[in-house]
Engineer: 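Pasting a structure below so you can have a look.
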Amino acid sequence: MEKRKLVTIVTEENIEQLVINDVKKLGAHGYTSVSASGEGSRGTRKGDWDLNKNVRIEIVCDDSTAHAIVEHLMKTYYQDYAMIVYLADVEVLRPQKF
Amino acid sequence: MEKRKLVTIVTEENIEQLVINDVKKLGAHGYTSVSASGEGSRGTRKGDWDLNKNVRIEIVCDDSTAHAIVEHLMKTYYQDYAMIVYLADVEVLRPQKF
Amino acid sequence: MEKRKLVTIVTEENIEQLVINDVKKLGAHGYTSVSASGEGSRGTRKGDWDLNKNVRIEIVCDDSTAHAIVEHLMKTYYQDYAMIVYLADVEVLRPQKF
Amino acid sequence: MIENLLDPVVLFFLAGLIAGVLKSDLRLPESIYEILSIYLLLAIGLKGGAELHESQLHNVISPAAASIVLGIVIPVIAYFILRRLGKFSRPDSAAIAAHYGSVSAVTFAVVLSFLSQIREPYEQFVTVLLVLLEMPAIAVGIFIARLKTTSGPLRVGTLMHEVFLGKSLYLLAVGLVVGYVLGPHGLLPVKIAFVDLFRGALAFFLLEMGLVASNRLADLKRVGAFLVLFGILMPLISSVLGCVLGVATGLSVGGTTVLATLAASASYIAAPAAMRIAVPQANPTLYITASLGITFPFNLIVGIPLYHQMAIATHSLLG
Amino acid sequence: MIENLLDPVVLFFLAGLIAGVLKSDLRLPESIYEILSIYLLLAIGLKGGAELHESQLHNVISPAAASIVLGIVIPVIAYFILRRLGKFSRPDSAAIAAHYGSVSAVTFAVVLSFLSQIREPYEQFVTVLLVLLEMPAIAVGIFIARLKTTSGPLRVGTLMHEVFLGKSLYLLAVGLVVGYVLGPHGLLPVKIAFVDLFRGALAFFLLEMGLVASNRLADLKRVGAFLVLFGILMPLISSVLGCVLGVATGLSVGGTTVLATLAASASYIAAPAAMRIAVPQANPTLYITASLGITFPFNLIVGIPLYHQMAIATHSLLG
Amino acid sequence: MIENLLDPVVLFFLAGLIAGVLKSDLRLPESIYEILSIYLLLAIGLKGGAELHESQLHNVISPAAASIVLGIVIPVIAYFILRRLGKFSRPDSAAIAAHYGSVSAVTFAVVLSFLSQIREPYEQFVTVLLVLLEMPAIAVGIFIARLKTTSGPLRVGTLMHEVFLGKSLYLLAVGLVVGYVLGPHGLLPVKIAFVDLFRGALAFFLLEMGLVASNRLADLKRVGAFLVLFGILMPLISSVLGCVLGVATGLSVGGTTVLATLAASASYIAAPAAMRIAVPQANPTLYITASLGITFPFNLIVGIPLYHQMAIATHSLLG
Ligand SMILES: Nc1ncnc2c1ncn2[C@@H]1O[C@H](COP(=O)(O)O)[C@@H](O)[C@H]1O
Ligand SMILES: Nc1ncnc2c1ncn2[C@@H]1O[C@H](COP(=O)(O)O)[C@@H](O)[C@H]1O
Ligand SMILES: Nc1ncnc2c1ncn2[C@@H]1O[C@H](COP(=O)(O)O)[C@@H](O)[C@H]1O
Ligand code: NA
Ligand code: NA
Ligand code: NA
């Protein structure tokens, strides 16, 4: 099995589409997204109304794409939006997919 | 803490039960599943109608079970169904559980 | 990028608030939670009624906090509640956040 | 019993039960279960409050007292049966007992639907009895469970919330107050939504409950024959007490049927939520299977018409 | 066609379709889609069952037979068109064919709404035809698909569940039985919820269906011109068969319109679920885009009033 | 104000607010919030459209013009108060201002419910004013915010979607058009679902809104005393303008009350969604707490009856 990076993004659901478009532009071949709630430096986001929802987006990609995504998100969204991003190592079969 | 493998499967919700049955047969002691949406080689799956939903299934198990699961899923479902599988290393307490 | 620990907890939704309070007391700066279903030693939890729901809670934190959380949860909830906990290594930017 | 089975509400429950047993892929989204149970609790409260608005409250006092007695006596009886005969652990016995002392609002709604179906009148304040019966048994159960066991500090705060501010009691109370304040006239603007629509929503909810109950059946073996038997006999015992106290406190045949049904019904919202927090050592599979898998279907299908007959009999005996 | 477009139900569908095309951020939560489709299937069944309660069943026999014939003939015709002219693979052809032989309950609901709108009476047993038409085509499709291909053991168990216990057939059947057992009078308690509210809920659901259908349009290029054409011509062919058999089996103009619409409609619940399991090699994008993206809107907007005209014509010719 | 508090709709809001403050475990699933808000917007539009169908449109012109003026003037006033007196940053001031210039459809629904409760007639075209008021303030807010700041390219596309195709405006428009095209008669088939059921659904929604609002209260300290004060005084200022322009443009007491309430209400669907995208530097906690946590409850409980009194007074002065 080959090594890839797993990029996990937790952010505001209202910018989900913007983030996904950016991620695809940066070379990701896919993503998986799940609706979430949570708490962080920007307070509690319990999803009880429209702007208060989180989404958890996961991207399996190669190392360089992963770092490109992290850097882009940092400079584009971190300052103004609730967001965290972290990376992990994963193994995949069919590496060409990612 | 002891090392285990985390198998993550993202696939079509309509085959969730089939996949789970197979996974249990292969020796997993449990699983956690979350409904998801996403995009990949088989197009966008936004969950806006029955066959268009994804599910994200997570299994903590030992190394051999993990590889058995990956191989089985590859040959049984990859060709016909929207599916990705990836492995990661995790640490657990109470290893006997997994 | 700096290394952090990712603590993943899957447990009964009815104790979500208790667990989150404990986790925050132990020094976590945030969490992300997603509703889930699953199966384990305490049977199938399909979320078809109030007490039968699972929640998947994720915490990015430093090593010591991570282990403090795991130990605390083990001794406080493992015996009486459906729960699993596992750790993984992740990389983050803005480490001060976590 | 035939009248009962010809209530759409009961037929929908059977349809759900069968779908579950036949493993149909029929699933109702979680949220519908929550929404409908919230709606039903509110609607039950509103209807009750509006009726209360028009009834002489002094008549409610002795039946109310009787309800509280039931709420304390039933769990005690249940506890000793489970502990002595059933050989269940103290926490398990106490937790299960709490469920049988408390009540099921949906069973309450079905008995009212049954009575209106067969045109049997009942006192307008019965919803007050429902509210009064929910609480005490839960307190009793927790008390017994914690008598000797020491399972860390009781999270009293959390617990009080679970009980008093638990959604079931809170919504019933809100409905009751709003209904009482506004009265039937003031409620007109929301009548269609909360009154006329009620039985349809109840039927839909029971389709879901049938599915849920059927999933519990899988655990029947796990919980053992004794508990299965208990799930059928305990309601019968409770309903006898309910009948006697109902007649003794001057309730009509209809009102007595309601009190007997309340006594016989087992909680599946408030009690489980409270027990899981207050008596964590108790195995939830036991109380849920008994309450939701056995007693709930039994009351809906067999119990309610039976309790009605019992109420008639008790009246001709003692009345 | 104007009467049709003046049906709120159709206008809501257009509103959803436009919202999707204009990429409005309008989204309905998944659960509402599931809840409404469950509600609609139940309500359709209940209404049909209650009407059945009052109709002479011997009249249903020949139209019923005709329906089953349609359910077998249509998928066979569709298969050969797709395989021979469309050059689609065997599994793809068979899977798509199954969808066009089966039916769409919502399209059925819209044609009834249309007929009542224009005060055209129809036989009270039409819902039976809906139920009879759902199944056979799916079996035919699977049979054809598996004739030569060998895609591992057919999970017959799973499959039978998908079909017979699939939610759409199960809910229609439950409604039909409950409605038949209780009759119009017995259903009174749930009439507001399941009858009076029906068209509003249908309108709301069609808003959502408009959104769903619009999302399918994105795949039109992918599926190719032939399939787009097929999605419009196949319903016309089927509706002709429906009209002829309707008149031949003594259905009124209204009843004939219903049978023609059923024949023309393509399944988007039962068939996809069954095909995905039974014919995994078939590309779901093809059958979903055709059924949901092309045929469904076509029938709602253009088809139904057209089939009504055809029914009138056929009657004056053969009737 | 008592009549107002005796509206079930308002009582349900209080019940939700209290549940939240007491930290009851009452939660409504997300989806119900979305479904109900979609339903309410559609229903408001439909009702308005059907009424429009029957009203002389020339009367609407001057009140319509007045609404647009309000939609531009109010945010400008609000902006200067926040920026000069409140010392808020330009983006924060502009974003908050946009919310107060725009409107809350639910507050609009409650004022109509209040007026019908007290039998105060109002012009049939008021829903047009609601639609006209939603937009302009949002444009003004964005314009001000971006005057000097340079926060990267304004995603105009995204933004225009957010605003014009944002669900609130889109659904109101759809309802309005469908209602206008079909008229009261054409809407009969969906009347029960969208008209008769409306106030019940509104009550249920306000239970949820009470919970949501109560969660915002936690942030009151964070936003500071000035904003809290602003959340109460700004609606009063706006309502005065609304009253004056209402009377000046020949609206009845009822119509004037509606315009005043619209002016006083703050958006919590369209504006937040648009601001979050167009003015990301603005802190959402500020505008949400003000709009949802302060102004919304204030208008529901105190504002509406007050604005009615003001409308009467203004009429006797200027009328
Ligand atoms: N330490 C953490 N662990 C897990 N999730 C977090 C953590 N911090 C923040 N989050 C998630 O990221 C979202 C945005 O974070 P923030 O920008 O810090 O408010 C929060 O609402 C949480 O869902
Ligand atoms: N690179 C990726 N990263 C994360 N999730 C993915 C990725 N590719 C595919 N997926 C998920 O797996 C599902 C099936 O993938 P596919 O079979 O490629 O269509 C998609 O709908 C996504 O939810
Ligand atoms: N081996 C496993 N892999 C993934 N999730 C698990 C596993 N075992 C248990 N779980 C999850 O943890 C919950 C509680 O586990 P348990 O206490 O073993 O019943 C289950 O309902 C599952 O959601
Ligand atoms: Na009881
Ligand atoms: Na067909
Ligand atoms: Na305003």
Side-chain angles (χ1 to χ4, degrees), chain A residues 7-28 31-59 67-85, chain F residues 16 20 26-34 36-38 91 95 99 149 151-153 155 157-159 161-162 166-168 205 208-216 218-219 222-223 267-285 287-289 291-293 296:
Chain A
V7 184
T8 305
I9 308 162
V10 182
T11 189
E12 307 181 8
E13 193 224 35
N14 49 293
I15 57 167
E16 177 177 14
Q17 204 48 57
L18 302 177
V19 170
I20 287 171
N21 295 342
D22 296 355
V23 164
K24 280 161 45 179
K25 279 208 206 68
L26 292 166
Y31 69 90
T32 295
S33 117
V34 163
S35 53
S37 64
E39 188 171 339
S41 60
R42 287 174 188 266
T44 314
R45 304 180 48 79
K46 282 243 164 290
D48 57 349
W49 60 279
D50 289 7
L51 285 192
N52 196 23
K53 292 182 188 142
N54 278 345
V55 63
R56 181 186 186 278
I57 304 172
E58 222 168 42
I59 301 129
H67 285 91
I69 291 173
V70 175
E71 256 119 61
H72 172 78
L73 295 179
M74 291 281 290
K75 70 172 209 309
T76 318
Y77 300 102
Y78 258 47
Q79 191 190 337
D80 294 332
Y81 295 97
M83 176 181 282
I84 66 162
V85 185
Chain F
L26 178 60
R27 301 267 170 285
L28 275 75
E30 271 178 46
S31 50
I32 191 65
Y33 174 89
E34 298 175 36
L36 280 175
S37 58
I38 291 171
H99 285 68
T149 50
S151 62
R155 289 202 172 77
T158 325
L159 181 63
H161 268 137
E162 277 305 326
K167 73 167 182 240
S168 58
F205 185 69
E208 164 77 348
M209 289 301 292
L211 282 166
V212 175
S214 70
N215 294 340
R216 306 279 78 69
D219 296 328
R222 283 216 234 166
V223 302
S267 166
Y268 64 88
I269 298 181
M275 290 304 133
R276 200 70 191 102
I277 302 291
V279 191
Q281 321 88 306
N283 175 0
T285 309
Y287 49 75
I288 285 303
T289 308
S291 161
L292 213 52
F296 184 73

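Quick note on labels: first sequence line is chain A, next is B, and so on, each numbered from 1. Here the structure is a predicted model, which is why all the values come from computation and not from measurement.
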Engineer: Tell me, please, which residues at least two apart from K24(A) pass side-chain hydrogen bond (donor to acceptor under 3.5 Å, both in side chains).
Structural biologist: E39(B)
Engineer: At a heavy-atom separation under 4.5 Å, does R27(F) approach chain A through its side chain, its backbone, both, or neither?
Structural biologist: neither
Engineer: With chain F as the partner chain, list the residues of residues 41-48 of chain A whose heavy atoms fall under 4.5 Å from it, by residue number, and write 'none' if nothing qualifies.
Structural biologist: G43(A), G47(A), D48(A)
Engineer: Relative to chain A, which segment of I288(F) carries a heavy atom at a distance below 4.5 Å: side chain, backbone, both, or neither?
Structural biologist: side chain
Engineer: Please list all pairs meeting salt bridge (Lys or Arg N to Asp or Glu O under 4.0 Å) that have one or both residues in residues 70-79 of chain A, counting only residues at least two apart or in different chains.
Structural biologist: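 Sorted result for residues 70-79 of chain A: empty, none.
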Engineer: Do L18(A) and I277(F) have side-chain heavy atoms sitting under 4.5 Å apart?
Structural biologist: yes
Engineer: Any side-chain heavy atom of E30(F) within less than 4.5 Å of one from N52(A)?
Structural biologist: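 A side-chain contact is absent here, since even the closest heavy-atom pair is not under 4.5 Å.
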Engineer: Taking NZ, NE, NH1 and NH2 as the nitrogens, is one of them in D50(A) or K167(F) under 4.0 Å from a carboxylate oxygen of the other?
Structural biologist: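 Salt bridge present between D50(A) and K167(F).
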Engineer: Taking salt bridge (charged side-chain N to carboxylate O under 4.0 Å, His left out) as the test, write out the residues that go with E58(A), two or more places apart.
Structural biologist: R56(A), R56(B)
Engineer: Taking the side chain as C-beta and beyond, is there a heavy-atom pair between W49(A) and M209(F) under 4.5 Å?
Structural biologist: no
Engineer: Side chain, backbone, both or neither: which part of P284(F) has a non-hydrogen atom closer than 4.5 Å to chain A?
Structural biologist: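 Interface part for P284(F): neither.
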Engineer: Is E12(A) in contact with chain F via its backbone, its side chain, both, or neither, using a 4.5 Å heavy-atom distance?
Structural biologist: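 The side chain, not the backbone.
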